[in-house]
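One structure is given here, and the rest of the page talks about it.
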Amino acid sequence: MKPPPFSYHDPKTVSEVVGLLSSLDNAKLLAGGQSLMPMLNFRYVQPDHIIDLNRVEGLAYIRGTADGMEVGAMTRQRDLEFSDLVEKRFPLMHEAIAYIGHRQTRNRGTIGGSLCHLDPSAELVSCAMTLDAAVIAVGPNGQREIAFKDFPVGYLTSAIEPTELLTAIRFTAWPVDHGYAFVEFARRHGDFAIVSAAVLLQTDAVGRITRASITLGGMGVAPVRAAELEQALIGEAPSVDFLRQTCESCRKFEALDDVHAPASYRQHLATVMSRRALEKAYTRATGRAPSGSMPAAIA
Ligand SMILES: Cc1cc2nc3c(=O)[nH]c(=O)nc-3n(C[C@H](O)[C@H](O)[C@H](O)COP(=O)(O)OP(=O)(O)OC[C@H]3O[C@@H](n4cnc5c(N)ncnc54)[C@H](O)[C@@H]3O)c2cc1C
């Protein structure tokens with residue numbers, strides 16, 4: 001299939017983009033094109049105007065801040081993958097990026113495009129949810145910050161208004177000694193995950209969990225925080241059996257039922273992915289596996 005006909009616009013500044021979005025009907029922004037181009041070719045979307053963000057200045061950067069980092073919306077996934085700052089301060093994101101598509105798609109795909117496309121299985125969406133990110137949107141009324149928990153509003157639909165663009169994402173880092181893990185189940189490497197789990201943990205000196213952030217991807221219309229599980233872990237130095245039992249709460253989430261997997265299978269995967277991610281994150285946080293773990297050689 002070829003894309004439907006459209007007019008192409010090539011702005012150089014954010015204010016030009018906002019001007020175009022405000023004056024044109026049925027316009028779409030083009031970032032890396034790794035989701036938009038297939039959607040155009042399949043004619044899932046039929047915009048009259050494409051506004052290309054690739055030559056807009058000042059949208060591609062990774063900048064350290066007092067409490068973490070700010071990333072420009074047009075930053076390529078590949079630049080995040082090879083960023084020292086991401087690897088050292090946001091190891092969850094570093095681990096998750098390796099699961100996104102392929103080297104070729106990461107070369108072009110951007111963080112802003114991934115967040116705005118909002119696939120329920122998108123690794124960067126899960127990371128943003130787990131890290132309580134904030135996104136910066138710019139539109140005709142200026143700039144506003146949206147907490148990431150309020151960003152997904154439906155299937156493939158974000159809180160960005162049609163006259164706005166996402167310009168940056170702010171992330172707050174966890175303490176350097178936190179535990180983290182991103183695990184997912186996909187049928188082939190590079191495929192979208194059927195279910196994923198992203199975990200951040202903080203523990204005290206004796207290995208009790210003091211803070212937990214857990215996101216399940218691929219279950220519903222957007223990644224969800226497993227709040228009940230997060231709460232159940234506080235104050236615990238969990239054994240494998242305890243994790244197995246508490247992760248059962250993830251079976252309660254509503255799940256998609258589609259050609260890739262029935263809802264019941266996704267719910268089962270949610271219990272398994274969350275437990276595996278927690279075991280890994282706990283081991284990284286404390287330097288020892290949860291009690292009752294199988295020795296590494298036979299695990
Ligand atoms: C073979 C293949 C495998 C893939 N596998 C995975 C995978 O495993 N995991 C995964 O997460 N992704 C995967 N992807 C998708 C990929 O990560 C895309 O890069 C991403 O979904 C979209 O980013 P993009 O920069 O290409 O955005 P585009 O495709 O250009 O845009 C996507 C959508 O976001 C909107 N948009 C883009 N930028 C902005 C902005 N700044 N403000 C407002 N709206 C904006 C566009 O209008 C469009 O609606 C895969 C893609 C391919 C082709």
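Order of appearance sets the numbers: ligands from 1, and atoms from 1 within every ligand.
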Under 3.5 Å donor-acceptor, E70 side chain and R170 backbone: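 Side chain of E70 to backbone of R170: no pair is present.
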Among all protein heavy atoms in this structure, tell me which lies nearest to [atom], with the distance rounded to 0.1 Å.
atom	answer
atom 31 (O) of ligand 1	L36 CB, 4.0 Å
atom 11 (O) of ligand 1	E123 OE1, 3.1 Å
atom 36 (N) of ligand 1	C116 CB, 3.8 Å
atom 17 (O) of ligand 1	Q77 NE2, 3.3 Å
atom 48 (C) of ligand 1	L29 O, 4.0 Å
atom 28 (P) of ligand 1	G33 N, 3.4 Å
atom 24 (P) of ligand 1	G32 N, 3.5 Å
atom 8 (O) of ligand 1	G101 N, 3.1 Å

If you measure from each heavy atom of M74 to ligand 1, is any distance below 4.0 Å?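 Distance cut 4.0 Å: M74 fails for ligand 1.
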When you measure from the heavy atoms of D119 to every atom of ligand 1, does any distance fall below 4.0 Å?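 Heavy atoms of D119 never come under 4.0 Å of ligand 1.
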Report yes or no: is the cationic atom of R211 (NZ for Lys, CZ for Arg) under 6.0 Å from the centre of the six-membered ring of W174, at an angle within 45° of the ring normal?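 R211 over W174 ring: yes.
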Could you tell me whether E279 and R284 make a salt bridge, using a distance below 4.0 angstrom between a side-chain N and a carboxylate O?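 No, this pair does not count.
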Do the side chains of D258 and R266 get close enough for a salt bridge, i.e. N-O under 4.0 angstrom?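 A salt bridge is present here (some side-chain N lies under 4.0 Å from a carboxylate O).
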Does an N or O from H102, backbone or side chain, lie closer than 3.5 Å to an N or O of ligand 1?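 So ligand 1 has no N or O lying under 3.5 Å from an N or O of H102.
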Under 4.0 Å from ligand 1, counting heavy atoms only, is it the side chain of D191, its backbone, both or neither?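 Answer for D191: backbone.
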One residue to check: T105. Relative to ligand 1, which of side chain, backbone, both or neither has a non-hydrogen atom less than 4.0 Å away?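 The answer is the side chain.
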Does atom CD of E16 have more than 12 heavy-atom neighbours from other groups under 6.0 Å away?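 Counting neighbours around CD of E16, more than 12 heavy atoms of other residues, nucleotides or ligands fall under 6.0 Å, so yes.
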Selection from E164, R106, Q34 by shortest heavy-atom distance to atom 53 (C) of ligand 1: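 Nearest heavy atom to atom 53 (C) of ligand 1 lies in Q34.
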